[in-house]
Amino acid sequence: MASFMEDLWSSIFTAGPTPTLLLATNVTFAVLQILLLVLLLATYSIHFVILSILSGSLWYSINWFAQELKQTQAEARRQGSPSETAPGEATQTDVKARSPETPDGAESDTETESLVDRKSARAPGSAPQSLTASTTLEVPGSASEVRKRLSVSGESSGYTSTDSEWEKVDDSNEK
């Protein structure tokens with residue numbers, strides 16, 4: 001049992017449907033169907049029939065998807081193109097897709113890290129017009145001045161929340 005739980009835990013972090021994860025899914029859905037049958041017999045409520053149909057449909061669709069995925073991976077192996085690569089191993093398309101121009105570069109895991117790297121690597125005048133406009137949008141004439149946006153609703157705090165709006169409604173009803 002402990003080995004199964006360890007395999008289940010590791011299969012959660014493994015891409016694709018693993019046999020351990022499929023077994024746990026099928027057992028869970030079988031127990032759910034039994035529970036819904038017992039509740040149906042205990043209450044005679046149509047709700048448990050509907051829930052059983054929905055649960056059975058989801059159970060079937062999960063198994064269908066896992067089977068289709070296995071068939072696709074088997075076809076890819078027969079044709080010689082690897083459908084899965086080892087962690088850290090890149091295919092030819094991955095290497096071609098990664099370049100310094102793309103947000104997810106080879107050295108960066110997040111988009112913000114690569115944006116910072118791109119900004120520091122380029123000269124300010126060499127950036128394309130669309131990149132310059134989106135990252136360096138400033139008000140002409142006020143290079144370092146910070147301006148507060150004017151409030152649309154007439155509040156001076158700038159804090160807009162649903163709660164504060166309800167407080168206004170409550171205050172106006174009390175008067």
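What you see is a predicted model; the values in this text were computed from it and never measured.
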Assigning hydrophobic clusters by single linkage (Ile, Leu, Val, Met, Phe, Trp, Tyr; side-chain heavy-atom cutoff under 4.5 Å), is [X] placed with [Y]?
X	Y	value
Leu21	Leu69	no
Val38	Val49	no
Ile53	Ile62	yes
Tyr60	Leu51	no
Ile46	Leu54	yes

Calculate, to the nearest 0.5 Å, the distance between atoms [atom1] and [atom2] belonging to [X] and [Y] respectively.
X	Y	atom1	atom2	result
Phe48	Leu39	CZ	CG	4.5 Å
Gln67	Lys70	CD	NZ	6.0 Å
Leu58	Thr25	CG	OG1	9.5 Å
Phe65	Thr72	CZ	OG1	8.5 Å

Not counting sequence neighbours, which residues clear side-chain hydrogen bond (donor to acceptor under 3.5 Å, both in side chains) with Ser45? List them please.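 So Ser45 forms a side-chain hydrogen bond (donor to acceptor under 3.5 Å, both in side chains) with His47.
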Would you please name every residue forming a side-chain hydrogen bond (donor to acceptor under 3.5 Å, both in side chains) with Gln33, sequence neighbours left out?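 Per chain and number, Gln33 pairs via side-chain hydrogen bond (donor to acceptor under 3.5 Å, both in side chains) with Ser52, Ser55.
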Would you say that [X] contacts [Y] through its side chain, given a criterion of any heavy-atom pair below 4.5 Å between the two side chains?
X	Y	answer
Thr20	Met5	no
Asn63	Phe29	no
Leu32	Thr28	no
Asp7	Ser3	yes

Thr18 side chain to Thr14 backbone, donor-acceptor under 3.5 Å: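 No; judged by distance alone, with no hydrogens or angles, the pair does not exist.
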If every non-hydrogen atom of Phe4 is compared with every non-hydrogen atom of Ala24, which pair is closest and at what distance?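 In this case the closest contact between Phe4 and Ala24 is CZ-CB, 4.1 Å.
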Leu41: which other cluster members, linking ILVMFWY side chains closer than 4.5 Å, directly or transitively?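 Leu37, listed by chain and number.
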